[in-house]
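All values below come from the heavy atoms of this structure, side chains included, with hydrogens, waters and symmetry mates left out.
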Amino acid sequence: LSLRCGPWCGHTAYRRAQGPCDRMDMMHGFGHFVLAVGNRTLLTTPDGGYRLQSATRSLMLVDGQGPVGDIGYPMSIPSFRYRGEEIERTRWDDASHTGLIRLNLAPAYPESLDMIRYIREFMLYPGQRIVCRDTVLFGSPHGINWHFHGNREDGVSMENPLRGRIGKGPVVRIEAKPLDVKVHGDVHETEVVYAYSSTFQKFSHIRFSAEAVQSATVDFVITWER
């Protein structure tokens, strides 16, 4: 499991290096994460290419919109200002082999979305299981989509309306377990505007959706097998 949150160059570098190129944002997607099984990355990061868009990251979109900077034009944003999203807490217990990573992602989203709170937690368990829990609260109802990306050649499909699958062997499964809203899932092609140096791989994503909600808590149970 690999994830990031905060300035791409780190908090110390962001404070000390204040030039427009030093504070450039190139890989947009605060709260995005990937998962590798053995030496194969199945829950992956599609090419950024020539279009900055959160839809190519494994995160939450609100009314089709991602965090600030989801602008659609090529390559990078110079002098990108850090807004305060952060890893609030990490914990690991050696005795039980369990852990927790908590992200505060609300500052990353535009004020126009009227987002009051957005916490993403990764709960780590023994036995090849991770729970990604998203808890979000708005001042007014919004439509929400969650994207989880894989290489199309690995196979991206739905096993049932709430459980998606990436891979043929090894395999990653992502099952949505909403606590207080109705969610449905399907598979879509991931649109990438390819750059000169791209690998030109094709990507698809499992998309879970909830319509017109003011608050939501959804567990995404991630399991895998070799």
Will you find, in the side chains of [X] and [Y], an N or O donor that is under 3.5 Å from an N or O acceptor?
X    : Y    : answer
T45  : H149 : no
S204 : R152 : yes
H188 : D186 : yes
N145 : S209 : yes

- Item | CE-OG1 distance between M123 and T98, expressed to the nearest 0.5 angstrom |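 One finds 11.5 Å between CE of M123 and OG1 of T98.
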- Separation of R91 CZ from D93 CG (nearest 0.5 Å): 7.0 Å
- Query: Would the H11 and Y82 ring centres measure less than 6.0 Å apart?
  - Reply: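 Yes, the ring of H11 comes within the 6.0 Å limit of the ring of Y82, centre to centre.
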Any sub-3.5 Å donor-acceptor pair from [X]'s side-chain atoms to [Y]'s backbone N or O?
X    : Y    : result
Q214 : G139 : yes
H32  : S58  : yes
K168 : E153 : yes
Y194 : Q201 : yes
N151 : D154 : no
Y109 : S112 : no
R83  : P107 : yes
D219 : K177 : no

- Can you check side-chain contact (heavy atoms from CB on, under 4.5 Å) on L43 and F33, steps first, answer last? CA-CA 8 Å; L43 185 56; F33 65 101; 3.3 Å; yes
- Message: Against H147, only a single residue in I206, T56, L61, L59 fulfils side-chain contact (heavy atoms from CB on, under 4.5 Å); can you say which?
- Response: L61
- Under the side chain to side chain contact (heavy atoms under 4.5 Å, CB included) test, residues paired with R16 that sit two or more places apart: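 So R16 forms a side chain to side chain contact (heavy atoms under 4.5 Å, CB included) with T12.
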- For A106, check side chain to side chain contact (heavy atoms under 4.5 Å, CB included) against everything at least two apart and list the hits. N104, M115, Y118
- Message: Taking the basic N atoms (NZ, or NE/NH1/NH2) and the acidic carboxylate oxygens, is any pair closer than 4.0 Å for R173 and E225?
- Response: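 Yes, charged N to carboxylate O under 4.0 Å.
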- Message: The test is side-chain contact (heavy atoms from CB on, under 4.5 Å); show your working for D134 and M60 and say whether it passes.
- Response: CA-CA 9 Å; D134 272 14; M60 184 182 73; 4.2 Å; yes
- Item | Check against side-chain contact (heavy atoms from CB on, under 4.5 Å), F200 and V192 | CA-CA 9 Å; F200 296 98; V192 175; over 6 Å; no
- Between L35 and L42, is any pair of side-chain heavy atoms under 4.5 Å apart? no
- Can H205 and W146 be said to form a side-chain contact (heavy atoms from CB on, under 4.5 Å), step by step? CA-CA 9 Å; H205 62 273; W146 291 270; over 6 Å; no
